[in-house]
Number of protein chains: 2
Amino acid sequence: MERRDLHGGEARERPDPDGVAPLARITLGTQVYDALRDLLIAGELAPGERLSLRTVAERLGTSMMPAREAVSRLVADEALEVLPNRAVRVPVITLGKFRELTRVRIAVEGFAAAEAARIVGPRDLTAIREHDEAFRHEVRAPEPDLERAMRANRDLHFAVYEAAGLPSLIAIIEGLWLRIGPVLNLDMRSSPRRLAEGGAEAHHADLVAALSVGDAEGARTALAADIAGSAAFIETTGRLAP
Amino acid sequence: MERRDLHGGEARERPDPDGVAPLARITLGTQVYDALRDLLIAGELAPGERLSLRTVAERLGTSMMPAREAVSRLVADEALEVLPNRAVRVPVITLGKFRELTRVRIAVEGFAAAEAARIVGPRDLTAIREHDEAFRHEVRAPEPDLERAMRANRDLHFAVYEAAGLPSLIAIIEGLWLRIGPVLNLDMRSSPRRLAEGGAEAHHADLVAALSVGDAEGARTALAADIAGSAAFIETTGRLAP
DNA sequence: CCAGCCTAAGTGTGATCACAGATCACGGCA
DNA sequence: TGCCGTGATCTGTGATCACACTTAGGCTGG
């Protein structure tokens, strides 16, 4: 985990002198939560890695209280776990758990894709195409930037889900990504070249094509194939706990 | 919210998916969380009702810290919300949000029912039948005990979901119930007699029948009809915010 | 009598301290 | 040499205090 300071400068003190009150409360606890959340989804925290409230607080430049709240919320999301030994760590996903999460993802995210296909408009569609294009461009590059590729992949997926117009469903999906993020990104990072071999490009193309013509079931199957493909690749790495 | 003391109550340990670790952390914060959770699902906290960390702590016989953690987790679950005014309250669900949650419920819980139908065993089936019988008995009684009926309904549903063997899916569904619990139970409470008019009995019968023969799609449609029926009833009460 | 300020109570948030339990390295005994 | 006890250290949890902010109610001045 890299060093970063949450309140660099006094920007936090007086938000928005223009008069528009911030809709969302930006407490320190929330900021720590978001920081840890990004680290988890980006795979910068490896499964099994241990955290400490005090070190987290120190590295983010706050006291222990915001770290406590953030870790509590992440534990509630099952994105972190606190062992009976009173140790906080990134959960180690077993193979069985990974397969279970994959099945749930296919069901939930597949439903989101199907709903998106039914009501997607031209605005959402162009955004989706842009993310798809960005992903394809990054993967086909001679030296793919893994981080940007993963970000494009994530943006593409969530652009589709947001097109479904079901915010509560997006929250659920974010919770799922929060849990598979560590193992998924960590393994992807280990072998960037195989990123394209999972057939992600083809699945994405099918997905965009189905969305374009409003084919709900086509979108669902394309997305399911994408998830299954990446999951199968992860399993081949054999890094998952038995 | 009624007075209850945590020290007298027993800590409920949530079932471990992997089954190996019987050690459950029973912190005060978790106990407060469970207490508030039960109150929310049971509909004893009305939408819009305001909470205070200090009053919660006092009523449950603890200090403010466990109440803080519990409320933080519930806010993260969107089961509570803290307004920019720094006021914590039970969210007021709008009609649009209620319909959205209902659609998500039909998709997610319908999937769970379908999966359950595929792999349900005789043990789960008998448990499901018992809950179904308890619900029917309670509804048909001359003076139905609403609380017991709702409990039987809840037990029936979750017995089905647990039969699907997907713990992460159950966690998702619990999150959904946590959010619709207040509005659902509150309205049911207002007119107990109409409990049966939603067709819950018939839908439950269809569900159990489909589960018995392994009819996945039948189970899905039966459960979807049950959810849609109760949702339609809620909407007729007109209590939802526009 | 009414409007407007303005104090006082109450709110969540953050910091600091206290404490029981677990971990781990070190040292002494067999 | 190998093993076990043991204390220093680190862990999360809980309690208490301080603070900025909101809100409601009483008071004053018109």
Side-chain angles (χ1 to χ4, degrees), chain A residues 1 5-7 10-17 19-36 45 48-91, chain B residues 1 5-7 9 11 13 21 23-36 48-76 78-91:
Chain A
M1 192 169 74
D5 200 323
L6 286 184
H7 54 68
E10 297 297 324
R12 190 174 62 88
E13 290 296 332
R14 285 282 176 232
D16 227 304
V20 180
L23 296 176
R25 307 175 316 113
I26 41 152
T27 68
L28 284 179
T30 301
Q31 296 180 50
V32 175
Y33 175 81
D34 289 338
L36 290 179
L45 296 179
E49 184 170 343
R50 288 180 51 179
L51 296 181
S52 157
L53 294 187
R54 289 171 176 84
T55 57
V56 167
E58 187 181 3
R59 293 202 175 177
L60 274 64
T62 71
S63 88
M64 220 173 72
M65 282 296 311
R68 274 175 75 169
E69 182 188 327
V71 168
S72 290
R73 288 170 59 181
L74 288 168
V75 168
D77 295 339
E78 295 183 70
L80 292 178
E81 67 180 2
V82 37
L83 307 176
N85 321 338
R86 285 183 172 175
V88 178
R89 69 168 190 182
V90 182
Chain B
M1 192 168 78
D5 201 323
L6 289 180
H7 303 291
E13 56 183 33
L23 294 178
R25 305 181 317 115
I26 42 152
T27 68
L28 285 178
T30 301
Q31 296 179 51
V32 174
Y33 174 81
D34 288 338
L36 291 179
E49 184 171 342
R50 288 180 52 178
L51 296 181
S52 156
L53 294 187
R54 289 172 176 83
T55 57
V56 167
E58 187 181 3
R59 292 204 175 175
L60 274 65
T62 71
S63 88
M64 220 174 70
M65 283 296 311
R68 275 175 74 169
E69 182 188 326
V71 169
S72 291
R73 288 170 59 181
L74 288 168
V75 169
E78 294 184 70
L80 292 178
E81 68 180 0
V82 36
L83 307 175
N85 322 338
R86 286 181 172 176
V88 177
R89 69 169 189 182
V90 182

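In the text below, chain A, chain B and the rest are named by the order of the sequence lines, each starting its count at 1. Remember, predicted model here, so these are calculated numbers, not experimental data.
- A donor-acceptor contact shorter than 3.5 Å links the side chain of B:S72 to the backbone of B:R68.
- Of all heavy-atom pairs spanning A:A87 and A:R50, the tightest one is CB-NH2, 3.7 Å.
- Atom-to-atom, CD of A:E69 to P of C:dT13 comes out at 6 Å; the value is rounded to the nearest Å.
- In this structure, CD in A:E69 is found 11.0 Å from CD in A:Q31, a value given to the nearest 0.5 Å.
- For the atom pair CZ of B:R86 and OG of B:S52, the computed distance is 13.5 Å after rounding to the nearest 0.5 Å.
- Look at CD1 on B:I26: it is 13 Å from P on D:dT13, rounded to the nearest Å.
- At C:dT11, none of the side-chain N or O atoms of B:N85 fall inside 4.0 Å of OP1 or OP2 (strictly under the cut-off).
- In terms of heavy atoms, A:L36 sits closest to A:A70 at CD1-CB, 4.3 Å.
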Name the pairs: protein N/O against N/O of nucleotides 15-19 of chain D, kept only if under 3.5 Å.
residue	atom	partner	partner atom	Å
D:dA15	OP2	B:S63	N	3.2
D:dA15	OP2	B:S63	OG	2.2
D:dA15	O5'	B:S63	OG	3.3

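- Once rounded to the nearest 0.5 Å, the distance linking OG of A:S63 with CD of A:E58 reads 12.0 Å.
- Residues B:R73 and B:T30 meet the side-chain proximity criterion, which asks for heavy atoms closer than 4.5 Å.
- In this structure, A:E49 places its CD atom 14 Å from P of D:dT11, rounding to the nearest Å.
- Across all strands shown, A:V88 has heavy atoms under 4.0 Å from sugar-phosphate atoms exclusively, and none from any base.
- Rounded to an integer number of Å, the gap from A:L80 CG to D:dT11 P is 15 Å.
- With A:Y33 as the partner, the side chain to side chain contact (heavy atoms under 4.5 Å, CB included) test is satisfied by one option alone out of A:L28, A:T27, A:D77: A:D77.
- Summary for the helix from C:dC1-D:dG30 to C:dA30-D:dT1: the axes at its two ends, each from 5 pairs, differ by 10° when rounded to the nearest 10 degrees.
- Computed from coordinates, the A:R89 CZ to C:dT23 C1' distance equals 15 Å when rounded to whole Å.
- Rounding to whole angstrom units, CG of residue B:L53 and C1' of D:dG14 are separated by 15 Å.
- One atom, CZ of B:R50, and another, P of C:dT11, lie 8 Å apart when rounded to the nearest Å.
- In this structure, the CD atom of B:E58 is 15 Å from the C1' atom of C:dT11, given to the nearest Å.
- Residue A:A35 comes nearest to A:L60 through the heavy atom pair CB-CD2, 3.8 Å, listed as atom of the first residue, atom of the second, then distance.
- For D:dC10, neither phosphate oxygen OP1 nor OP2 lies less than 4.0 angstrom from any side-chain nitrogen or oxygen of A:S52.
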